[in-house]
Each structure stands twice: as structure tokens, then as C-alpha cells.
Amino acid sequence: MPAQAQIRKMLALVAAAIVLATVPVYANETEITVGVYHFPPIASVEHNGEPTGLLGDLLHELEQANPTVSFRVFHTSPKRRYLDFDAGLYDVIFFESPDWGWTERDVDITRPILADEELYVALKKPGRDDSFFDDLQTRSIVAISGYHYGFTGYETDNSVLEQKFDIEFSDSHSRNIKLIKADRPSVAEVAIVSHSYLQRHLENHPEDWGTLLISDEPDQRYELSIIARKNGAASSGEMLQLLAPLIENGRYRQLVEKRGLKLPAGFLTSFEAP
């Protein structure tokens, strides 16, 4: 056999060996579908379908740290997220409190991995102080449809809430703050805004420190977990295993603090991957 033919044959064998060596890697890839709804600064979805906020940062880092895992985003809504989960349209959802309707479902729930709280916000006026928030049934309220609130007992049915409160629903904290600043008491005297969102808003609009009255006590404090479908693409334990390298090298903490959020008390000192 001519030398050139032998060389071509050897190159072909090497190429074939490389292809065969890479087959198991691709065969073992896992795609996990993640449910996402508008919950800034924790999570949002851009018009192109890309997730943003802490979740967008985290999914990117998880894929970098775990090359055989990929994430596909399924855009849902606060009210629709349970129906979509029950229909099998996504495998996991990040940053949910079990108290927000998840304990009634057959799911795997991780230990808490994030903490935040929600505060009452009103327009600052002479003589108005924290007692303004004492009896919300006497106030006109603006809230986000589908969100769980402490003052409602976590009820999310708009028709039920409209019978108990003078309440209007919207789909964004930004709009709710604008309604408060518009000083239209018949529409909105009190909004409920997450601490992390409010912190970012005040950084961008420092003039609102003198405009907004913010409650001393929160509507609720919550610790958020990852909710996973049982027998789905990844269990709660497997999700924590994926997260473990980012916790151990400090990257997860950096992502959380970048968004003005907090880790649960004792999280770093007590974390052990399953």
C-alpha cells in the first residue's frame, strides 16, 4: 500500500476513534426544562425567551460548571405556573416557597437556597407613619396577580381577594410604584414590593427615598427552594448536586449578592451536597 494511502487510512481511523469517544458524552447529556415567570430581580424572561435576573445568571453558570447538563426555559406566569407544572410542561422551578401552593403537590423540594421579604409601600405625606399600614382593609391596594401575600393568607384567587379588599391587580412592581407616586388614593394607596426590588429601585431613583413611605415590618419573609417533579429529569437532590460547585467556590453567593438578595441564615456553613 502506498505511504500516502496508509497515512490517509490512519487518519481515518483516528477520526473514527475520536467520534466514538465523544458519543457517550452526548448520549449522557441531560436537558432540564425550567419554569420561569416574572419575579424580578430573581427571574424574568426577555422577549427573545432568554431568562434574566438571578435565575438567568445562575442557569448560565450551572451549564458552565456541568457540561453534560443543559437548561431549556419554559415561560409561564404566576397564576399559570401550577397548571403548567401539572401538565408536565416543565421539570423544575427555582426560587419558590413551599408555602406557595407546592406542598399540595407530589414534588421534591430542596432545602432553602435564597431569602427575601416583601414590604408595604405608600406615598410619604405629612403626619403619615408606619401605622398607615395597620389595617389594610381600609386601604386601596395594588398587587401582582398570582403572587402570594401574607396579608391575604396566601390566597391568590382574584375574585376572592376583591371581595375582601379594595384591591387592583397588575403585572409589575414598576407599575405599582408608579401608581403609588401618582397619588391617586382611589386606585392605589399601598403596594407590596420585594425588598430586593425596592433596593434596586431606590439605587436607580434616589429621589424616591423622600417620596415613598416604607413599612418597618414586612408583609412576609420567605425562604425559597427549588421545586422538582418526582421521577422527572432531575430530582431535588440532583439539582443541589449541580449547584454544589458554585456554592463551594463562592460563585453562587456572588450572584445572589449582585442582585441585592440574601442567602438563608447558616446556608453556607451547613450546606452539604446530597
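We use all heavy atoms of the structure for the numbers below, so side chains are in, but hydrogens, waters and symmetry mates are not.
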Asks: Check whether Gln220 reaches the backbone of Glu117 with its side chain - one donor and one acceptor, N or O, closer than 3.5 Å.
Replies: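 Side chain of Gln220 to backbone of Glu117, a donor-acceptor pair under 3.5 Å: no, none is there.
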Asks: Could you measure the distance from the CG atom of Leu161 to the OG1 atom of Thr152? Nearest 0.5 Å is fine.
Replies: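 If we round to the nearest 0.5 Å, Leu161:CG and Thr152:OG1 are 5.5 Å apart.
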Asks: Can you hop from Leu179 to Val190 via hydrophobic side chains spaced under 4.5 Å?
Replies: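 No, no single cluster joins them.
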Asks: Can you tell me how far the CG atom of Leu54 sits from the CD atom of Glu257, to the nearest 0.5 Å?
Replies: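 The CG atom of Leu54 sits 11.5 Å away from the CD atom of Glu257.
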Asks: Using a 3.5 Å distance criterion without hydrogens, assess whether the side chain of Lys258 forms a donor-acceptor pair with backbone atoms of Arg253.
Replies: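 No; zero donor-acceptor contacts below 3.5 Å.
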Asks: Between Phe39 and Tyr222, how do the two ring planes meet: parallel, tilted or perpendicular, split at 30° and 60°?
Replies: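 Answer is tilted, since the angle falls between 30° and 60°.
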Asks: Would a hydrophobic clustering, with Ile, Leu, Val, Met, Phe, Trp and Tyr connected at side-chain separations under 4.5 Å, put Leu123 with Tyr120?
Replies: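 The answer is no; the residues belong to distinct hydrophobic clusters.
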Asks: Taking a hydrophobic cluster as the set of Ile, Leu, Val, Met, Phe, Trp and Tyr residues connected by side-chain heavy atoms closer than 4.5 Å, whether directly or through intermediates, do Leu59 and Leu224 fall within one such cluster?
Replies: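 Per the 4.5 Å side-chain linkage, Leu59 and Leu224 are co-clustered.
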Asks: If you count heavy atoms of other groups shown closer than 6.0 angstrom to CG of Asn204, is the number above 12?
Replies: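 Atom CG in Asn204 is packed in, count exceeds 12.
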Asks: Inspect the contact between Glu168 and Arg175 and indicate whether a charged nitrogen and a carboxylate oxygen are less than 4.0 angstrom apart.
Replies: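 A salt bridge is present here (some side-chain N lies under 4.0 Å from a carboxylate O).
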Asks: Heavy atoms only: give me the nearest Arg105-Asp86 pair and the separation to one decimal.
Replies: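 Nearest heavy atoms, Arg105 then Asp86: NE-OD1, 3.1 Å.
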Asks: Report the C-alpha distance between Asp106 and Arg229 in whole Å, list the side-chain angles of each, state the deciding distance to 0.1 Å, and finish with yes or no for salt bridge (charged side-chain N to carboxylate O under 4.0 Å, His left out).
Replies: CA-CA 7 Å; Asp106 189 24; Arg229 180 183 312 285; over 6 Å; no
Asks: For Arg111, check side chain to side chain contact (heavy atoms under 4.5 Å, CB included) against everything at least two apart and list the hits.
Replies: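 With neighbours one apart ignored, the set is Leu240, Phe267, Ser270, Phe271.
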Asks: Would you give the length of the straight line joining atom CZ of Phe133 to atom CG of Asp130, rounded to the nearest 0.5 angstrom?
Replies: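 Output value for this atom pair is 6.0 Å.
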Asks: So that I can tick it off, tell me whether Lys125 and Asp183 are bridged by a salt bridge, with the cut-off set at under 4.0 angstrom between side-chain N and carboxylate O.
Replies: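 So Asp183 pairs with Lys125 through a salt bridge.
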Asks: Between Asp84 and Thr76 (side chain of the first, backbone of the second, donor and acceptor by atom type, cut-off under 3.5 Å), is there such a pair?
Replies: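 No.
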Asks: I'd like to know if Arg139 and Asp166 make a salt bridge, using a cut-off of under 4.0 Å between side-chain N and carboxylate O.
Replies: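 No, Arg139 and Asp166 are not salt-bridged.
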Asks: Below 4.5 Å, heavy atoms only, C-beta onward: do Leu198 and Leu119 meet side chain to side chain?
Replies: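 Contact flag for Leu198/Leu119 side chains = yes.
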Asks: What closest approach, in Å, do Ala228 and Ser235 show between heavy atoms, and which atom pair accounts for it?
Replies: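 The pair with the smallest heavy-atom distance is CB-C, 4.0 Å.
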Asks: Which value, rounded to the nearest 0.5 Å, describes the distance between Thr68 atom OG1 and Glu31 atom CD?
Replies: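 Between atom OG1 of Thr68 and atom CD of Glu31 there are 13.0 Å.
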Asks: Evaluate the side-chain proximity of Glu63 to Ser70: yes if any heavy-atom separation is below 4.5 Å, no if none is.
Replies: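 Ser70 reaches Glu63 side chain to side chain.
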Asks: Counting C-beta onward and ignoring hydrogens, is there a side-chain heavy-atom pair between Ser215 and Val121 closer than 4.5 Å?
Replies: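 No. Closest side-chain heavy atoms not under 4.5 Å.
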Asks: Glu50: which residues meet the salt bridge (Lys or Arg N to Asp or Glu O under 4.0 Å) condition with it, sequence neighbours left out?
Replies: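 With sequence neighbours excluded, Glu50 shows a salt bridge (Lys or Arg N to Asp or Glu O under 4.0 Å) to no residue whatsoever.
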Asks: Under a 3.5 Å distance rule, please check whether Ser236 uses its side chain to pair with a backbone N or O of Asp108 as donor and acceptor.
Replies: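 Such a contact is absent between Ser236 side chain and Asp108 backbone.
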Asks: Who are the side chain to side chain contact (heavy atoms under 4.5 Å, CB included) partners of Asp208, not counting sequence neighbours?
Replies: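 Counting only residues at least two positions away or on another chain, Asp208 forms a side chain to side chain contact (heavy atoms under 4.5 Å, CB included) with Lys181, His201, Leu202, His205, Thr211, Leu212.
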Asks: Using atom types as modelled and distance alone, determine if a side-chain donor or acceptor of Glu118 lies under 3.5 Å from a backbone N or O of Ile192.
Replies: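 Between the backbone of Ile192 and the side chain of Glu118 there is no qualifying donor-acceptor contact (under 3.5 Å).
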Asks: Looking only at non-hydrogen atoms, find the nearest pair between Lys124 and Gly210 and report the distance.
Replies: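 Scanning both residues, the minimum pair turns out to be CD-O, 3.7 Å.
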Asks: Keeping Asp91 on the side-chain end and Ile32 on the backbone end, is there a donor-acceptor pair under 3.5 Å?
Replies: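 Not confirmed, Asp91 side chain does not pair with Ile32 backbone.
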Asks: Looking at every non-hydrogen atom in both residues, tell me the closest pair between Pro41 and Arg259 and how far apart they are.
Replies: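 Nearest pair, atom of Pro41 first, then Arg259: CG-O, 3.7 Å.
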Asks: Is Lys262 salt-bridged to Asp116, going by a charged N under 4.0 Å from an acidic O?
Replies: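 No, Lys262 and Asp116 are not salt-bridged.
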Asks: Do Tyr90 and Phe85 have ring centres separated by under 6.0 Å?
Replies: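 Tyr90 vs Phe85: aromatic centres under 6.0 Å.
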Asks: Report whether Ile227 and Leu243 are members of the same hydrophobic cluster (ILVMFWY, side-chain heavy atoms less than 4.5 Å apart, transitive linking).
Replies: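 Shared cluster, yes.
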Asks: Indicate yes or no: at least one non-hydrogen side-chain atom of Ile144 is less than 4.5 angstrom from one of Asn176.
Replies: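 Of all side-chain heavy-atom pairs linking Asn176 with Ile144, at least one is under 4.5 Å.
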Asks: Charged N to carboxylate O below 4.0 Å: is that the case for Arg81 and Glu96?
Replies: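 Salt bridge: yes.
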Asks: Give me the ring orientation class for His173 and Tyr197: parallel if the planes are under 30° apart, tilted from 30 to 60°, perpendicular past 60°.
Replies: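 The rings of His173 and Tyr197 sit tilted, inter-plane angle from 30° to 60°.
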Asks: Can you spot which of Leu263, Asp57, Leu58, Ile42 makes a side chain to side chain contact (heavy atoms under 4.5 Å, CB included) with Val256?
Replies: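 Exactly one option meets the side chain to side chain contact (heavy atoms under 4.5 Å, CB included) with Val256, and it is Leu263.
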Asks: As a test of understanding, state which of Ile109, Ile93, Leu114, Val107 forms a side chain to side chain contact (heavy atoms under 4.5 Å, CB included) with Ser225.
Replies: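 Among the candidates, only Ile109 passes.
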Asks: What closest approach, in Å, do Asp219 and Gly150 show between heavy atoms, and which atom pair accounts for it?
Replies: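 Looking at all heavy atoms of both residues, the closest pair is OD2-N, 2.7 Å.
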Asks: Assess the side chains of Asn158 and Ser145: does a donor N or O sit below 3.5 Å from an acceptor N or O?
Replies: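 Yes.
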Asks: Taking the ring centre of each residue, are Tyr147 and Trp100 less than 6.0 Å apart?
Replies: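 Judged by ring-centre distance (under 6.0 Å), Tyr147 and Trp100 do not meet the cut-off.
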Asks: Roughly how far apart are Ile180 CD1 and Ile177 CD1, rounded to 0.5 Å?
Replies: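 The CD1 atom of Ile180 sits 9.0 Å away from the CD1 atom of Ile177.
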Asks: CD of Glu46 to OG1 of Thr52: how many Å apart, nearest 0.5 Å?
Replies: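 Rounded to the nearest 0.5 Å, the CD-OG1 separation comes out at 4.5 Å.
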Asks: If the condition is side chain to side chain contact (heavy atoms under 4.5 Å, CB included), which residues does Asp157 pass it with, not counting sequence neighbours?
Replies: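 Asp157 satisfies side chain to side chain contact (heavy atoms under 4.5 Å, CB included) with Glu155, Ser159, Val160 only.
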Asks: Checking Phe94 now: which residues fulfil ring pair (Phe, Tyr, Trp, His ring centres under 6.0 Å) with it, not counting sequence neighbours?
Replies: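 For Phe94 there are no ring pair (Phe, Tyr, Trp, His ring centres under 6.0 Å) partners, ignoring immediate neighbours.
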Asks: Where do Ala234 and Met239 come nearest, in terms of heavy atoms and distance?
Replies: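 In this case the closest contact between Ala234 and Met239 is CB-SD, 3.7 Å.
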Asks: Should the heavy atoms of other residues, nucleotides or ligands under 6.0 Å from CD of Glu207 be counted, would the total exceed 12?
Replies: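 Enclosed: over 12 neighbouring heavy atoms sit under 6.0 Å from CD of Glu207.
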Asks: Answer with yes or no whether the hydrophobic clustering places Tyr37 together with Leu89; edges join I, L, V, M, F, W, Y residues whose side-chain heavy atoms lie under 4.5 Å apart.
Replies: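 Yes, it is one cluster - the side chains of Tyr37 and Leu89 are joined through contacts under 4.5 Å.
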Asks: Does Ser77 use its side chain to pair, donor to acceptor, with the backbone of Arg80 at less than 3.5 Å?
Replies: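 Yes, Ser77 side chain to Arg80 backbone: donor-acceptor pair under 3.5 Å.
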Asks: Looking at Thr110 and Ile226, would you say the former's side chain and the latter's main chain have a donor-acceptor pair under 3.5 Å?
Replies: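 Checking the backbone N and O of Ile226 against the side chain of Thr110, a donor-acceptor pair under 3.5 Å is found.
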Asks: Only counting residues at least two apart or in another chain, list the ones meeting salt bridge (Lys or Arg N to Asp or Glu O under 4.0 Å) with Glu61.
Replies: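 Checked Glu61 against salt bridge (Lys or Arg N to Asp or Glu O under 4.0 Å); matches are Arg251.
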Asks: Are there more than 12 heavy atoms of other residues, nucleotides or ligands under 6.0 Å from atom CZ of Arg184?
Replies: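 For Arg184, atom CZ is not crowded (no more than 12 foreign heavy atoms under 6.0 Å).
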